[in-house]
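Reckoned from all heavy atoms, side chains included, excluding hydrogens, waters and symmetry mates. Model, not experiment: these values are computed from the prediction. Just so you know, ligand 1 is whichever comes first in the structure, and atom 1 is the first atom listed for that ligand.
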Amino acid sequence: MLELSIFNYPFSINKRMSLEQTWRWYGPSDPVTLQDIRQAGATGIVTALHEIPNGEVWSYEAIKERKHLIEWDDSQGKPRKRGLTWSVIESIPVHEDIKQARPNRDKLIENYKQSIRNAGKAGIPVLCYNFMPVVDWTRTNLYFELEDGAHALSFDMVDFIVFDVFILRRPNAEGSFPKEFVEKAKQRFESMNREKRYELEKTIIAGLPGAEESYSLEQFQARLDEYKNIDSDKYREHLAYFLKEIAPVAEESGVKLAIHPDDPPYSLFGLPRVVSSEADFQYLCEVYDSVYNGFTLCTGSLGVRADNDLPGIVERLGDKLNFAHLRSTQRNADGSFHEAGHLRGDVDMYKVILSILKEQKKREAHYRTDLNIPMRADHGHTILDDLKKKTNPGYSAIGLLRGMAELRGLELGIERGGDVYN
Ligand code: DNO
């Protein structure tokens, strides 16, 4: 066993290379304030200019202005540093016309590139984005009650089928699911009143926090129809086309791309999903081989598939790990899941953090300077006082604070324990 003393400790305590603790902030209208975030102990802010319509350029001035708001407190006359940095953009949305390779995609890609250049000029080092068609992250219940009274986000396959087959009535949807599930869903649908049905519909298609679009039933079906002739292979080509265009610009601009995996990591509504597994990550990293073309390790999204080996992904592809969303899910055999506590559920968070800390060591050995990989506690439970407040589901302050505190404690324990050197 490695004996730790002041003389052989591999690096001094002060030089601890911790991960950068970040927090997602939804902008000035977020009920969680910048001061709250500072008090929670985060130093990095993850945010977006949500007010800019999808497809338009994020101007340098608009980015600079938001960055100033995040980093400087002007309320006392003389600007004071808040102790926060805008570390990650999450997300600049990718327009559906790019995803579907429509005729004006090149124009929209030019806009995207310009936004990346402007972000780079403003000094924002990481850009998280996703390439999920039509819907971003998807849940069926935002208030799933745990045995202690806390609320978690959940995805219930039978509820999902209720929506897909009986509310949306997507043509041929029935064939996508096992018969006995459809039967269960039928019974559940019949037992639900109008409000319950509408609630489910809203949860699935009216847009969760940070989602780019919100639809009515008709608009939604029309969007799905646009994908009739786009299968996974074709969709993957659309992603590769986009990446080959933007990754060199990201590299020149000093902005690291971090694609977010599909959430959940399987096809919904018959749509193609191509960022769900290690093989998918591997493919897109090879499309343009550069550390500027990397990914977000979202342990909660990837972890819903038992065949995703999370520490293995970091071990094999870690040089492209540009951002980490740390959370855990508890899955059922039928594809349903709910979001568990950050150190509970199916994700082995000890092994995940250990693998990220080992990746830091590799980077140090390669003289890379991006050692403090940004991470954020993702999707907390709604607990304590927040149960009485209006909050962004998954993003209420106290639950995230609990998650982040657990994660930072675990990280410190792993670092001090010395396993990183084994
Ligand atoms: C949900 C988030 C996603 C994520 C986007 C990235 O909580 O993880 O909305 O921000 O998919 O583009």
At what distance is the nearest protein heavy atom to atom 8 (O) of ligand 1, and which residue and atom is it? His260 NE2, 3.2 Å

Given the rule in the salt bridge (Lys or Arg N to Asp or Glu O under 4.0 Å) test, do Glu406 and Arg402 qualify, once you have shown the distances and angles that lead to the verdict? CA-CA 6 Å; Glu406 291 178 350; Arg402 172 178 168 176; 3.0 Å; yes

At less than 4.0 angstrom from any non-hydrogen atom of Arg24, what atoms of ligand 1 do you find? 1 (C), 2 (C), 7 (O), 9 (O), 10 (O)

Should you measure from each heavy atom of Glu90, which atoms of ligand 1 turn up under 4.0 Å away? 2 (C), 4 (C), 8 (O), 10 (O)

Measuring from atom 3 (C) of ligand 1, which candidate in Ile92, Asn392, Asp136, Ile89 has the nearest non-hydrogen atom? Asp136

Answer with side chain, backbone, both or neither: which part of Asn130 has a heavy atom less than 4.0 angstrom from an atom of ligand 1? both

With heavy atoms of Met132 as the reference, note each atom of ligand 1 found under 4.0 Å away. 11 (O)

With distance as the sole criterion, is a donor-acceptor pair present between the side chains of Arg24 and Tyr395 under 3.5 Å? yes

Numbered in order shown, the ligand 1 atoms found under 4.0 Å of a heavy atom of Tyr395 are 1 (C), 2 (C), 7 (O)

Under 4.0 Å between a side-chain nitrogen and a carboxylate oxygen: does that hold for Lys256 and Glu251? no

So for atom NZ, which belongs to Lys186, do other residues, nucleotides or ligands contribute more than 12 heavy atoms lying within a distance under 6.0 Å? no

Lys/Arg N to Asp/Glu carboxylate O, Glu96 vs Arg102, below 4.0 Å: no

Charged N to carboxylate O under 4.0 angstrom, Asp73 versus Arg80? yes

Numbered atoms of ligand 1 (with element) below 4.0 Å of Tyr129, judged on heavy atoms: 12 (O)

Contact atoms of ligand 1, heavy-atom distance to His325 under 4.0 Å: 8 (O)

Taking only Lys NZ, Arg NE, NH1 and NH2, and the carboxylate oxygens of Asp or Glu, determine whether Asp156 and Arg331 approach each other closer than 4.0 Å. no

heavy-atom search around atom 6 (C) of ligand 1 in the protein gives Ser91 OG, 3.1 Å

